[in-house]
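To keep things clear, I will list the structure first and then write my remarks on it.
Note that this is a predicted model, so its numbers are computed, not measured.
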Amino acid sequence: MRRALTALLVLGAIAGQAGTAGAAEPPALDPCQALSTARFDVEVLSRRAECPRVRRVVRAWHDQCVTAAGHAQPCRAAGFRCAPADGARLSRIAGVACRRKRAEIDLVIRRLCAGGPRIHAHDVSVRAITTDCATAHQVGRAWVARKGCRGCRVDGWRCRGLPESTTTRCLRPEHPRKALELDEVVRGAAFDSAASVGGSYKGEVAVPCDRSCAVFLVTAGDGRSLTAQSIVAAPCDLAEAAGGFNENAPRGTPVRPDRSFRWRTRFQVVQGRFSADGRTVSGTSRFFGIARSDCSSETTAFSARLVRRAKQNSTCEKLIKGRLDIEVFVRGMGCTEATHVVDAWRLDRDCVTASLDLRPCRVAGRSCTPVDGGRLRNLAGVACAAGRSEIELVIQEECGQLDFSHSLAAINATCATARSVGRSWRGRFCGTRCTAAGWACRRLTRGPRPPTWRCRRGHSAVEISARIVIESS
């Protein structure tokens, strides 16, 4: 009797542990399962269902279960029973639940509501999740009256900013399954849609991989192009690490009016599309046979979410080419056009000679002339004008090493002058501020980063940067 009771207790404990493990299993959100249309965005959460199968179900649900008016109705999609839901097990704000045996797929549907309010001269993108657009617009107007708060109560709704996002989500405390989202977007976007694409996007590829596989996309401030920081690092042979065949996107990779983009490097072709509200991006990466024979037949999906909106200021992507480090500042135009002008100016020998002498020239329909300081930046060395739009370039030339642990760069000055100032600076043992050879020097960086000092006189400057030296044993 005692042995039988002990066996029952052990079996009960094992069953309890299994039940607890099953209940604590987190939902798997696969980046290859996103769906974006002109009317709504769909976030997919799945459990016990593989990604290719989930994609088929979501595609079938969109084709068979969504009416012409954009409403979801009960139906069967690729063998799953899908029905509208007021919250589900994987997400309390899910609007559709699809089930088949133990497999679960929940859909969080964000309906794009046109004609949103404005705040700070920007539009507000309004997305109704489990409520109607009329209610969402009413809460949106009250939220604007509160100056776009990120943690407050608005008309009985609790609004909080989502982490690593520009989105504010509002929930009804007495009905926590009711939700809507508000997002401040730039007016005058590059596209005809109500929202814009612009900012930094981070995500991952849809195959097993370590941290070396990552998606990082950065658009210009006007949303019309991708910067050279953009990269989709995918594994070549589906190993759990990215190989050396991933390269950054070319400067000025265009984003088309339909929000799609495509770039090609020596080994890889990447193409994708931003969602209608600019909050997500998804696409594919494919390697050519020149990379490795076992890569050319594989296509890897990826997706990323917006983590930071692009700032609408006058600073554009810098150009680093050869010994020149060129900062770009604009007024009255977008950064995409400025990137094309700067690239053409750098390659034109009438503008920049082989010895890096600057000359007046005309490029891309603009008159570019060397200047001693500009209207946008005091250290500008070149100004390109056309009508009311302006481009100013702050050109920094590398001048080699001052000593074993410091390097020199000159702005609107010769390298001989930079070396003279550097030698005087080194003899003064400059801390935070000092004067070297008549130039006022101050430290620019603080904290753990390598220190940099800038010595200025009028519209000229000399930069002295500490170099990280690693001694091998």
Side-chain angles (χ1 to χ4, degrees), residues 22-23 25-114 125-137 167 169 171-172 175-181 193-195 206 258-260 272-277 279-284 299 301-303 305:
E25 180 184 353
L29 176 60
D30 201 314
C32 66
Q33 301 165 7
L35 174 66
S36 176
T37 69
R39 292 179 296 185
F40 48 76
D41 288 336
V42 179
E43 180 185 352
V44 184
L45 297 97
S46 62
R47 182 188 291 171
R48 303 187 188 94
E50 297 180 354
C51 179
R53 187 180 189 183
V54 173
R55 283 202 302 266
R56 290 195 299 270
V57 173
V58 174
R59 227 178 274 123
W61 169 82
H62 178 262
D63 295 339
Q64 304 170 14
C65 309
V66 180
T67 65
H71 301 295
Q73 58 184 3
C75 71
R76 293 188 68 86
F80 278 68
R81 295 189 303 274
C82 298
D86 187 15
R89 283 193 290 186
L90 302 186
S91 175
R92 65 178 181 180
I93 59 175
V96 172
C98 299
R99 300 290 184 266
R100 181 180 179 180
K101 297 182 179 178
R102 298 183 64 190
E104 300 174 287
I105 303 174
D106 289 348
L107 309 181
V108 178
I109 303 174
R110 296 176 172 86
R111 189 177 305 277
L112 306 179
C113 302
S125 172
V126 180
R127 295 180 294 275
I129 299 180
T130 47
T131 185
D132 56 276
C133 282
T135 302
H137 277 304
T167 301
R169 176 176 292 175
L171 301 173
R172 194 86 176 178
H175 300 291
R177 299 181 186 271
K178 298 291 184 182
L180 58 95
E181 289 181 351
S193 59
D258 61 351
R259 306 183 304 279
S260 65
R273 185 189 300 272
F274 293 93
S275 61
D277 61 353
R279 296 175 62 251
T280 59
V281 57
S282 58
T284 59
T299 299
F302 69 87
S303 72
R305 296 184 66 84

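- With hydrogens and angles ignored, the 3.5 Å screen pairs no side-chain donor or acceptor of R273 with any backbone N or O of G283.
- A136 approaches A128 most closely through the heavy-atom pair CB-CB, 4.1 Å.
- In this structure, CZ in R111 is found 11.5 Å from CD1 in I129, a value given to the nearest 0.5 Å.
- The two residues G79 and R100 make their nearest non-hydrogen contact at O-CD, 3.3 Å.
- For the side-chain hydrogen bond (donor to acceptor under 3.5 Å, both in side chains) test, residues two or more places apart in sequence or in another chain that qualify with S260 are R256, D258.
- Closest non-hydrogen pair, A78 versus A60, comes out as N-CB, 4.0 Å.
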**OP:** Decide side-chain contact (heavy atoms from CB on, under 4.5 Å) for R279 and R127; before the verdict, give the C-alpha distance in whole Å, the side-chain angles of both, and the deciding distance to 0.1 Å.
**Re:** CA-CA 11 Å; R279 296 175 62 251; R127 295 180 294 275; 2.9 Å; yes
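- The backbone N or O of A179 lies less than 3.5 Å from a partner atom in the side chain of T130, making a donor-acceptor pair.
- Between V126 and L180, the closest side-chain pair of non-hydrogen atoms is not below 4.5 Å.
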**OP:** Go through the steps for W61 and V42 under the test side-chain contact (heavy atoms from CB on, under 4.5 Å), then give the verdict.
**Re:** CA-CA 11 Å; W61 169 82; V42 179; 4.3 Å; yes
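- A side chain to side chain contact (heavy atoms under 4.5 Å, CB included) with I93 is found for exactly one of D106, I109, V108, namely V108.
- To the nearest 0.5 Å, atom CG of residue L171 and atom CZ of residue R92 are 5.5 Å apart.
- Shown here are the side-chain hydrogen bond (donor to acceptor under 3.5 Å, both in side chains) partners of D86, two or more places apart in sequence or in another chain: there are none.
- A distance of 5.5 Å separates CD in E43 from CZ in R305, rounded to the nearest 0.5 Å.
- Classification of K178 and D132 as a salt-bridged pair fails, no side-chain N sitting under 4.0 Å from a carboxylate O.
- A distance below 2.5 Å between sulfur gamma atoms is not met by C82 and C65.
- The two residues R99 and A88 make their nearest non-hydrogen contact at NH2-CB, 4.1 Å.
- Atom CZ of residue R76 and atom SG of residue C98 lie 10.5 Å apart, to the nearest 0.5 angstrom.
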